[in-house]
Amino acid sequence: RMLVVLGRGADPISKWATVIAVSVGGGWAYFQYCNTGATNWTIDLAVSTEAIRYGDDLALLVVHVESRNPRREEIVLDAAQRDVYELRVREVPGGRPARAVIDPDADGELIRTVNLLPSDGYTFLPNGYFNDTTSVVLPTGSMVALTAYLRYRGDDVSVSRIVRVEPGEAKSTGSSA
């Protein structure tokens, strides 16, 4: 008799134990998912260049800003939301002493800021790769710092690259996470 009573009581208890275990496990998995930044956005940026002779002492520096959205969700930049996607071209200052640090985002004269964000916004498709190309005319032999900068929802990512403008030489890609 006692076994029958225990058997009847064990069945509901085991079912509730399973429900509780699955709920706790699911909650823990969701906590880990959110805690590792899985709900955050990311865009991978890279900059590559090539210089083409443009005149006697001028070169056309062609800049490719390559972006990749590794997420499964699209990311939509909107200028009205204060999102930014731009390329900054800054002259690298000369005459610094040995071991001096040059900040590509602050040192030297800002030559140009190129807005890469169209007025109607920019959509980074899920798992998409994009290549935005622009160019600037510079003196041959000059050295510039290029910074691709993206701000979305108040958070930002950027990549910088320093290049010497020498026509006929393709420059390799630099990237960031």
Side-chain angles (χ1 to χ4, degrees), residues 1-50 62-90 101-107 110 112-136 144-163 170-177:
R1 260 186 156 177
M2 182 86 135
L3 291 174
V4 172
V5 171
L6 287 176
R8 286 184 201 156
D11 185 47
I13 291 172
S14 70
K15 289 179 181 176
W16 277 107
T18 302
V19 168
I20 291 170
V22 168
S23 298
V24 169
W28 180 252
Y30 181 73
F31 171 76
Q32 291 294 79
Y33 174 80
C34 293
N35 197 34
T36 59
T39 58
N40 294 341
W41 70 277
T42 185
I43 295 293
D44 297 327
L45 293 175
V47 173
S48 62
T49 64
E50 60 184 304
V62 180
V63 181
H64 301 274
V65 178
E66 300 156 3
S67 54
R68 189 176 72 83
N69 177 8
R71 303 290 313 249
R72 288 187 211 142
E73 298 86 27
E74 69 180 25
I75 294 172
V76 180
L77 298 182
D78 183 2
Q81 298 296 320
R82 299 183 358 170
D83 295 334
V84 175
Y85 184 34
E86 64 188 18
L87 174 72
R88 299 175 190 148
V89 182
R90 187 175 293 276
V101 174
I102 296 175
D103 183 350
D105 295 326
D107 294 337
L110 181 64
R112 183 76 191 251
T113 299
V114 180
N115 185 5
L116 300 173
L117 180 58
S119 59
D120 60 345
Y122 197 114
T123 301
F124 293 96
L125 298 174
N127 298 308
Y129 170 82
F130 305 88
N131 185 344
D132 296 291
T133 303
T134 190
S135 59
V136 60
V144 293
L146 305 168
T147 300
Y149 175 79
L150 189 146
R151 182 176 63 226
Y152 174 65
R153 294 184 181 171
D155 200 3
D156 60 354
V157 64
S158 68
V159 62
S160 294
R161 172 171 189 74
I162 296 176
V163 298
K171 306 296 181 189
S172 62
T173 303
S175 62
S176 80

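Atom set for the values below is all heavy atoms of this structure, side chains included, hydrogens, waters and symmetry mates excluded. Numbering of residues begins at 1 and proceeds along the displayed sequence.
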Residues which pass salt bridge (Lys or Arg N to Asp or Glu O under 4.0 Å) with R151, listed by chain and number, not counting sequence neighbours
none
Evaluate the side-chain proximity of L117 to E86: yes if any heavy-atom separation is below 4.5 Å, no if none is.
no
Can you sort out the partners of P126 under side-chain contact (heavy atoms from CB on, under 4.5 Å), two or more places apart, ordered by chain and number?
E74
Could you list the donor-acceptor pairs under 3.5 angstrom formed between side-chain atoms of residues 78-85 and any protein atom two or more places apart in sequence or on another chain?
unit_1: D78; atom_1: OD1; unit_2: A80; atom_2: N; d: 3.1
unit_1: D83; atom_1: OD1; unit_2: R153; atom_2: N; d: 3.2
unit_1: D83; atom_1: OD2; unit_2: D78; atom_2: N; d: 2.8
unit_1: Y85; atom_1: OH; unit_2: D132; atom_2: OD2; d: 3.0

Compare all side-chain heavy atoms of I43 with those of F130 and state whether any distance is below 4.5 angstrom.
no
I need the T147 OG1 to L87 CG distance, nearest 0.5 Å.
7.5 Å
Residues two or more places apart in sequence or in another chain: which of them pass salt bridge (Lys or Arg N to Asp or Glu O under 4.0 Å) with D107?
R96
Between D44 and P70, what is the shortest heavy-atom contact and its length?
OD2-CG, 3.9 Å
So do L110 and R88 actually touch side chain to side chain, heavy atoms under 4.5 Å?
yes
Does some side-chain heavy atom of L150 sit less than 4.5 Å from a side-chain heavy atom of L77?
yes
Does the pair L125 and N69 meet the rule for a side chain to side chain contact (heavy atoms under 4.5 Å, CB included), with working shown?
CA-CA 7 Å; L125 298 174; N69 177 8; 6.0 Å; no
side-chain hydrogen bond (donor to acceptor under 3.5 Å, both in side chains) filter on Y152, not counting sequence neighbours, yields none
Just so I know, are the side chains of V157 and T42 near enough to count as touching, which here means a heavy-atom distance under 4.5 Å?
no
Roughly how far apart are R68 CZ and N127 CG, rounded to 0.5 Å?
8.0 Å
Sorted by chain and residue number, the side-chain hydrogen bond (donor to acceptor under 3.5 Å, both in side chains) partners of S67 (sequence neighbours excluded) come out as none
